[in-house]
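Here the structure comes first, spelled out in structure tokens, and everything after it is commentary.
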Amino acid sequence: RTLAFSSSLAMAPKEQKSKEQKALAASNSSKGRRKKWSKGKNKEKVNNLVLFDKVTYDKLIAEVPKYKMITQSILSDRMRIGGSLARAAIKHLAEQGLIKPIVKHSNQLIYTRATNV
């Protein structure tokens with residue numbers, strides 16, 4: 001048996017597009033668009049003090065000796081002061097005897113409140 005195709009089943013010829021139409025179709029297709037990369041997570045800049053003002057210094061003397069744990073990062077975060085200023089403040093409070101050291105490592109100084117026993 002041989003199969004014969006009739007001319008009515010043949011597909012109609014495709015319309016030829018001009019160069020402008022092809023370019024327009026390519027730019028509108030989803031494959032033609034560039035991938036939009038995310039900008040990444042941006043951490044907002046903190047504006048910490050580099051020198052004590054009167055209000056911040058009074059707050060340091062009043063509140064910090066009552067903290068259970070005192071580190072450079074805790075002072076920097078809670079008092080909105082820079083890291084080097086926090087280190088100097090810890091040293092100052094320790095010299096006055098308001099706080100006492102728990103761990104004195106070169107990288108991390110951990111202090112606690114001084115309890116009068």
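- Ile110 pairs with exactly one of Thr71, Ile74, Ile70 by the side chain to side chain contact (heavy atoms under 4.5 Å, CB included) rule, that one being Thr71.
- To the nearest 0.5 Å, atom CD1 of residue Ile90 and atom CG of residue Leu109 are 6.0 Å apart.
- Of the possible polar contacts, none joining the Thr112 side chain to the Met69 backbone as a donor-acceptor pair under 3.5 Å is found.
- Shown here for Ala94 and Tyr111, the closest heavy-atom pair between the two residues is CB-CE2, 3.8 Å.
- The structure places CG of Leu98 at 11.0 Å from NZ of Lys66, a figure rounded to the nearest 0.5 Å.
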Review point. Under the side-chain contact (heavy atoms from CB on, under 4.5 Å) criterion, do Met79 and Thr56 qualify, and how do the steps go?
Key: CA-CA 7 Å; Met79 310 280 295; Thr56 312; 4.2 Å; yes
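- When all heavy atoms of Leu49 and Leu85 are compared, the pair lying nearest together is O-CD2, 3.9 Å.
- Classified by interplanar angle (parallel below 30°, tilted 30° to 60°, perpendicular above 60°), the ring pair Phe52/Tyr57 is perpendicular.
- With hydrogens and angles ignored, the 3.5 Å screen pairs a side-chain donor or acceptor of Gln21 with a backbone N or O of Ser18.
- Under the 3.5 Å distance criterion, the side-chain polar atoms of Ser76 are left unmatched by any main-chain donor or acceptor of Gly82.
- A donor-acceptor pair is defined here as one N or O able to donate and one able to accept, closer than 3.5 Å; such a pair exists between the side chain of Gln72 and the backbone of Gly83.
- Using a 4.5 Å cut-off on side-chain heavy atoms (C-beta onward), Tyr67 and Leu75 make contact.
- Between Lys59 atom NZ and Asp53 atom CG the span is 10.5 Å, to the nearest 0.5 Å.
- Contact detail for Leu60 and Pro65: the closest heavy-atom pair is O-CD, 3.4 Å.
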